[in-house]
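Take a look at the structure set out below.
These numbers come from a predicted model, not from an experiment. FYI, the numbering just counts along the sequence from 1.
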Amino acid sequence: MSVFPVIDLAGLRSPVLADAPDREAIVAELKRQLCHADVEEVMIDRIMHVFASRELALRERVDEALKAVMLASAGGSDLDHTVALYGVKRLIVKPADPEASPPVDAILESDERLRLRARLSLAALSQAGCQGAYLFQALSASPHIRDVSIQVPNVTQTRADRQREVQITILLDPDAPLADEPDKSSQDPHQEIITKVEEALSEVCSITDRIAVKLANPYPYDVRASVTPASGADERQIKQAVTAALARLVVQNHRLGKPILRSEFFAALYQPGVERATLGAPKADRAIPMDTVAVLSTASGRDNPVIEIKAGNAHGQSGT
């Protein structure tokens, strides 16, 4: 028996399959739909519509079945079976607690993250130090890792008689509860996750590489803006829409190396009903290194982002 780790397909959740009624059930349903026709022409017309509807429903189900086996569109248990072909299994962020009152379901890895690991798993077949392999192993080491960056020195910067140092930076998911509590005696509460990543990479890294794992460096920034509603616009709805758009942008910016761009903030501020927008902060575009993540500043103790609603202006002006 091979010692290569494989996924037990029998233990996966059952995929969503099409219902399979018997022949008599189909005939009975057709008779039920046709029983109201009294005139021959009406009967023929209704038969055509019934069969057309059933064919369209069948084609729709076939389309859904095809999407269920495609990595880009499969979801839930269908995706579990699809990624099993790549040798990848969905990670458990927090185990279920059936003894709790009420019972607590398990928190599982998201579909988006699972798809990413499945795509990277092909690169993980190589042990020549490729970045895709390192990304896959790092993301698979812990479900609490949101993003990973790989920094490899140029060939000209590496001496032939020395190993090259590959810098692995991990960004932890701030919203994910820890399934296994870190060692409380450790000064760094996330050292356990760093150790898991180091162990996972050390088993597959190239003999010419030396792995160094660290947490992402935070780059704090503020968001201050004011918007002027158009005449007749609801200020409350505008503030809610702008706040939601900025919140989505803040989440998008929470990635390693994601630059801060004022144009993206203006796009979030100009929601329907906004006549003019002014962006006080950030004051300029900011390039973010690959080992750094942009985070909203909390040092001031104020709300962040700060959104001010100004009174309407008869003459609209461009944002600044």
Item to check | Interatomic distance, Leu279 atom CG to Phe266 atom CZ [nearest 0.5 angstrom] | outcome: 5.0 Å
Item to check | Closest non-hydrogen atom pair between Leu71 and Ala118, with its separation | outcome: CD1-CB, 3.9 Å
Next on the checklist: Using a strict threshold of under 4.0 Å (side-chain N to carboxylate O), is an ion pair present between Asp147 and Lys258?
Outcome noted: no
Checklist entry - Taking all non-hydrogen atoms of both residues, which atom of Tyr270 and which atom of Ala277 are closest, and how far apart? => result OH-N, 3.1 Å
Next on the checklist: A side-chain contact here means heavy atoms from C-beta on lying under 4.5 Å apart; do Gln240 and Thr243 qualify?
Outcome noted: no
Item to check | Lys/Arg N to Asp/Glu carboxylate O, Asp285 vs Arg262, below 4.0 Å | outcome: no
Checklist entry - Is it true that a side-chain atom of Asp111 and a backbone atom of Gly76 form a donor plus acceptor pair closer than 3.5 Å? => result yes
Checklist entry - Quick one: are Ile288 and Val293 in side-chain contact, heavy atoms under 4.5 Å? => result no
Next on the checklist: Which heavy atom of Gln271 sits nearest to which heavy atom of Ala268, and what is that distance?
Outcome noted: NE2-O, 2.8 Å
Checklist entry - Counting only N and O atoms by type, is there a donor-acceptor contact under 3.5 Å from the side chain of Arg113 to the main-chain atoms of Arg90? => result no
Checklist entry - Rounded to the nearest 0.5 Å, what separation is found between the CD atom of Gln151 and the CG atom of Leu256? => result 9.0 Å
Checklist entry - Where is the tightest heavy-atom contact between Ala294 and His254, given as atom of each residue plus distance? => result O-ND1, 3.7 Å
Item to check | Partner residues of Arg117 under the salt bridge (charged side-chain N to carboxylate O under 4.0 Å, His left out) criterion, sequence neighbours left out | outcome: Glu109
Checklist entry - Ser297 side chain to Asp222 main-chain N or O, any donor-acceptor pair under 3.5 Å? => result no
Next on the checklist: Using side-chain heavy atoms (C-beta onward) and a distance below 4.5 Å, is Ile170 in contact with Ile193?
Outcome noted: yes
Checklist outcome for this item: Heavy atoms of Leu91 and Leu139 approach each other most closely as CD1-O, 3.8 Å
Item to check | Polar side-chain atom of Arg115 near backbone of Ala74 as donor-acceptor pair, under 3.5 Å | outcome: yes
Checklist entry - So Glu64 and Lys67, salt bridge (Lys or Arg N to Asp or Glu O under 4.0 Å) or not? Walk me through it. => result CA-CA 5 Å; Glu64 293 174 354; Lys67 292 178 180 178; over 6 Å; no
Next on the checklist: For a 4.5 angstrom cut-off between non-hydrogen side-chain atoms, does Ile238 reach Val227?
Outcome noted: yes
Checklist entry - Is there side-chain contact between Val152 and Gln131, with at least one heavy-atom pair below 4.5 Å? => result yes
Item to check | With sequence neighbours excluded, residues passing salt bridge (charged side-chain N to carboxylate O under 4.0 Å, His left out) with Lys214 | outcome: Asp291
Item to check | Verify same cluster id: Val197, Leu171 (apolar side-chain graph, 4.5 Å) | outcome: no
Checklist entry - Under a 4.5 Å cut-off applied to non-hydrogen side-chain atoms, are Leu296 and Val223 in contact? => result yes
Next on the checklist: Val88 and side chain to side chain contact (heavy atoms under 4.5 Å, CB included): which single residue from Leu120, Val83, Thr82 fits?
Outcome noted: Val83
Checklist entry - Between Leu172 and Leu215, is any pair of side-chain heavy atoms under 4.5 Å apart? => result yes
Item to check | Pairwise distance CG(Asp209) to OG(Ser202) - rounded to 0.5 angstrom | outcome: 12.5 Å
Checklist outcome for this item: Heavy-atom closest pair (Val242 atom, Val274 atom, distance to 0.1 Å) is CG2-CG2, 4.3 Å
Next on the checklist: Quick check for you: to the nearest 0.5 Å, what is the distance between Ile145 atom CD1 and Ile168 atom CD1?
Outcome noted: 10.5 Å
Checklist entry - Under 4.5 Å between any side-chain heavy atoms of Tyr221 and Tyr219, yes or no? => result yes
Next on the checklist: Could you walk me through whether Gln252 and Glu264 satisfy the side chain to side chain contact (heavy atoms under 4.5 Å, CB included) test, starting with their C-alpha distance in whole Å, then the side-chain angles of each, then the deciding distance to 0.1 Å, before giving a yes or no?
Outcome noted: CA-CA 10 Å; Gln252 295 174 9; Glu264 293 182 341; 5.6 Å; no
Next on the checklist: Under a 3.5 Å distance rule, please check whether Tyr86 uses its side chain to pair with a backbone N or O of Leu122 as donor and acceptor.
Outcome noted: no
